[in-house]
Q: 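Below is a structure I'd like to ask you about.
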Amino acid sequence: EQTQAVLEALNWSRRNPAHDRAALPLPLPPTDTMEALVGRAVEVLWPQEKAWYKALVRGYNGATGCHFVHYADGDVEWLPLCHGHYAWHLLPERHEPWLRAR
């Protein structure tokens, strides 16, 4: 149910691109707040695949506002988690050792 709501919101955003352009960019949250995610386990929604993927946040770049995300399947990418363009949530700490071992 929550996943469906997120997918509908993302689809609306794609159908209404002018809405995104009209919005002013938000300021980046404080670096220490965003760095607190480093080492934490998260799940990131990939809307086109309609699936959530587990990952470990490995780093943060304060200049770009992007987190370095290392997925359980080995994929890596830089994501601006603070901008709200990506649906994600923290996982319980018990997932972190398992993801670190990958």
Side-chain angles (χ1 to χ4, degrees):
E1 186 175 286
Q2 180 183 15
T3 301
Q4 185 61 35
V6 170
L7 290 173
E8 288 172 9
L10 291 171
N11 284 331
W12 182 90
S13 181
R14 275 193 298 216
R15 289 190 313 269
N16 297 281
H19 178 75
D20 286 341
R21 284 192 299 271
L24 296 174
L26 296 173
L28 293 175
T31 298
D32 58 340
T33 301
M34 299 284 55
E35 285 177 344
L37 290 175
V38 175
R40 298 296 313 268
V42 296
E43 263 188 331
V44 179
L45 176 66
W46 286 36
Q48 291 184 349
E49 295 181 21
K50 298 179 182 174
W52 292 87
Y53 292 94
K54 291 177 176 53
L56 190 68
V57 178
R58 298 262 184 195
Y60 176 70
N61 181 324
T64 64
C66 292
H67 287 89
F68 186 68
V69 179
H70 187 180
Y71 293 94
D73 66 2
D75 284 349
V76 296
E77 66 180 329
W78 286 93
L79 289 178
L81 297 177
C82 64
H83 289 298
H85 295 285
Y86 296 92
W88 64 276
H89 61 265
L90 285 173
L91 290 173
E93 289 181 7
R94 70 177 185 275
H95 291 273
E96 292 167 11
W98 177 77
L99 286 165
R100 281 191 189 94
R102 304 249 178 250

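Below, all heavy atoms of this structure are taken into account, side chains as well, without hydrogens, waters or symmetry copies. We count residues from 1, following the sequence as given.
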Q: Group every Ile, Leu, Val, Met, Phe, Trp and Tyr by side-chain heavy-atom contacts under 4.5 Å, then state whether Val38 and Val76 land in the same group.
A: no

Q: Which heavy atom in Cys82 sits nearest to a heavy atom in Met34, and how many Å separate them?
A: CB-SD, 3.3 Å

Q: Would a single hydrophobic cluster contain both Leu37 and Val69, if residues Ile, Leu, Val, Met, Phe, Trp and Tyr are joined by side-chain heavy-atom contacts under 4.5 Å?
A: yes

Q: Check Arg40 against Ala36 and note the closest heavy-atom contact, atom names and distance.
A: CG-O, 3.6 Å

Q: Do Tyr60 and Leu79 belong together in a cluster built from hydrophobic side chains that touch within less than 4.5 Å?
A: yes

Q: Which pair of heavy atoms, one from Gly39 and one from Leu56, lies closest together, and at what distance?
A: O-CD1, 3.4 Å

Q: Rounded to the nearest 0.5 Å, what's the gap from CD on Glu35 to CG on Asn61? Could you check?
A: 10.0 Å

Q: Strictly by side-chain hydrogen bond (donor to acceptor under 3.5 Å, both in side chains), give each pair with a member in residues 67-76 just once, sequence neighbours left out.
A: Trp46-Tyr71, Arg58-His70, Tyr71-Glu77

Q: I'd like to know if the side chain of Trp88 and the backbone of Val42 have a donor-acceptor N/O pair within less than 3.5 Å.
A: no

Q: Atom CD of residue position Gln48 - does it have more than 12 heavy atoms of other residues, nucleotides or ligands inside 6.0 Å?
A: no

Q: For Ala41 versus His95, what's the shortest heavy-atom pair and its separation?
A: CB-CB, 4.0 Å

Q: Taking only residues two or more places apart in sequence, or in another chain, which ones meet Lys54 in a salt bridge (Lys or Arg N to Asp or Glu O under 4.0 Å)?
A: Glu43

